[in-house]
Amino acid sequence: MAQKKVTKYDLVEAVYQNTAEKCEKRLVQVILEELLDQLKDSLKDGSTIELRGFGTFEPRLRKGRSKARNPKTGEQLSVAPHYVAAFRSGQELKKALWELPVKSDD
């Protein structure tokens, strides 16, 4: 499947089109920005975010490595343990993606 990129602007536009009679585009943009800020702040605080039917975001600890390599330069360096954002899809999202038609490359 060819991947289509959806940007923040595309999301704002889609929500605005579905709520044009109720909301101004600027309000939709402010709400989306605030939602993303709240998600980021919650993850930074170590909280897990559960959006029923969509999925769960959580901070996950990645182990540090003493013999990592910079792929661009080949330089050996060490990487300290750090957290990354992880996502697990919910049942409804899994089911929706499972039902997507698969195109063969024949």
Side-chain angles (χ1 to χ4, degrees):
M1 172 191 281
Q3 292 184 349
K4 178 184 172 191
K5 186 185 293 186
V6 178
T7 65
K8 200 183 316 183
Y9 174 83
D10 296 330
L11 292 174
V12 169
E13 190 64 32
V15 172
Y16 172 70
Q17 292 299 324
N18 291 326
T19 61
E21 296 175 4
K22 304 170 196 143
C23 291
E24 296 177 10
K25 187 185 274 190
R26 178 72 182 133
L27 178 60
V28 173
Q29 183 177 1
V30 168
I31 291 170
L32 180 61
E33 290 287 343
E34 184 60 30
L35 172 67
L36 295 175
D37 286 344
Q38 290 299 320
L39 292 172
K40 185 172 24 173
D41 290 345
S42 295
L43 287 170
K44 282 171 47 177
D45 291 342
S47 300
T48 297
I49 303 159
E50 184 178 310
L51 303 172
R52 300 246 175 202
F54 184 72
T56 303
F57 295 91
E58 62 187 1
R60 263 197 211 143
L61 181 63
R62 291 196 66 180
K63 294 189 272 184
R65 297 187 349 204
S66 59
K67 294 183 179 180
R69 282 200 187 279
N70 179 336
K72 193 171 190 178
T73 64
E75 175 187 359
Q76 189 170 354
L77 49 97
S78 64
V79 177
H82 59 282
Y83 283 92
V84 295
F87 176 75
R88 286 180 290 139
S89 58
Q91 283 300 116
E92 290 177 33
L93 180 57
K94 283 181 187 177
K95 184 178 179 188
L97 293 176
W98 186 260
E99 294 171 353
L100 279 176
V102 177
K103 296 179 183 176
S104 63
D105 293 331
D106 293 340

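Owing to the predicted nature of the structure, the values given are computational and were not obtained by experimental measurement.
- Remark: side-chain polar atoms of Asp41 are not paired, donor with acceptor, to backbone N or O of Gln38 under 3.5 angstrom.
- In this structure, CD in Gln29 is found 11.5 Å from CG in Leu11, a value given to the nearest 0.5 Å.
- Counting only distance, with no hydrogens or angles, the side chain of Asn70 and the backbone of Lys72 share a donor-acceptor pair below 3.5 Å.
- Contact check on Glu50 versus Arg52 returns a salt bridge, with a Lys/Arg side-chain nitrogen under 4.0 Å from an Asp/Glu carboxylate oxygen.
- Leu93 and Trp98 fall into different hydrophobic clusters, where Ile, Leu, Val, Met, Phe, Trp and Tyr side chains are chained together by heavy-atom contacts under 4.5 Å.
- By the 6.0 Å contact criterion, NZ on Lys95 is open, its count of non-hydrogen atoms from other residues, nucleotides or ligands being 12 or less.
- A single hydrophobic cluster is seen to contain both Leu97 and Phe54, as judged by linkage of ILVMFWY side chains at heavy-atom distances under 4.5 Å, directly or through other members.
- The structure places OG1 of Thr19 at 10.5 Å from CD of Glu24, a figure rounded to the nearest 0.5 Å.
- Note that NZ of Lys94 is 12.5 Å distant from CD of Glu92, once rounded to the nearest 0.5 Å.
- Summarising the geometry, atom OG1 belonging to Thr48 is positioned 11.5 Å from atom CZ belonging to Phe57; distances are rounded to the nearest 0.5 Å.
- The two residues Ser47 and Pro59 make their nearest non-hydrogen contact at O-CD, 3.3 Å.
- No donor-acceptor pair closer than 3.5 Å links the side chain of Arg65 to the backbone N or O of Val79.
- To the nearest 0.5 Å, the span separating SG on Cys23 from NZ on Lys25 amounts to 13.0 Å.
- Residues Val15 and Val6 share a hydrophobic cluster, clusters being chains of Ile/Leu/Val/Met/Phe/Trp/Tyr side chains in contact below 4.5 Å.
- Residues Asp10 and Thr7 bring a donor and an acceptor atom of their side chains to less than 3.5 Å of each other.
- Nearest heavy-atom pair, Val12 versus Leu32, reported as atom, atom and distance to 0.1 Å: CG2-CD2, 3.5 Å.
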Criterion side-chain contact (heavy atoms from CB on, under 4.5 Å) on Arg69 and Glu75, from CA distance to verdict: CA-CA 6 Å; Arg69 282 200 187 279; Glu75 175 187 359; over 6 Å; no
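- Ile49 and Leu36 fall within a single hydrophobic cluster, where Ile, Leu, Val, Met, Phe, Trp and Tyr are joined by side-chain heavy atoms under 4.5 Å apart, directly or via other members.
- Ser66 and Gln76 get closest at one heavy-atom pair: O-NE2, 4.3 Å.
- Atom NZ of Lys40 has 12 or fewer neighbouring heavy atoms from other residues, nucleotides or ligands inside a 6.0 Å radius.
- Taken from OG in Ser42 to CG in Asp37, the straight-line distance is 10.5 Å, to the nearest 0.5 Å.
- Within a 6.0 Å radius of CZ in Phe87, more than 12 heavy atoms belonging to other residues, nucleotides or ligands are found.
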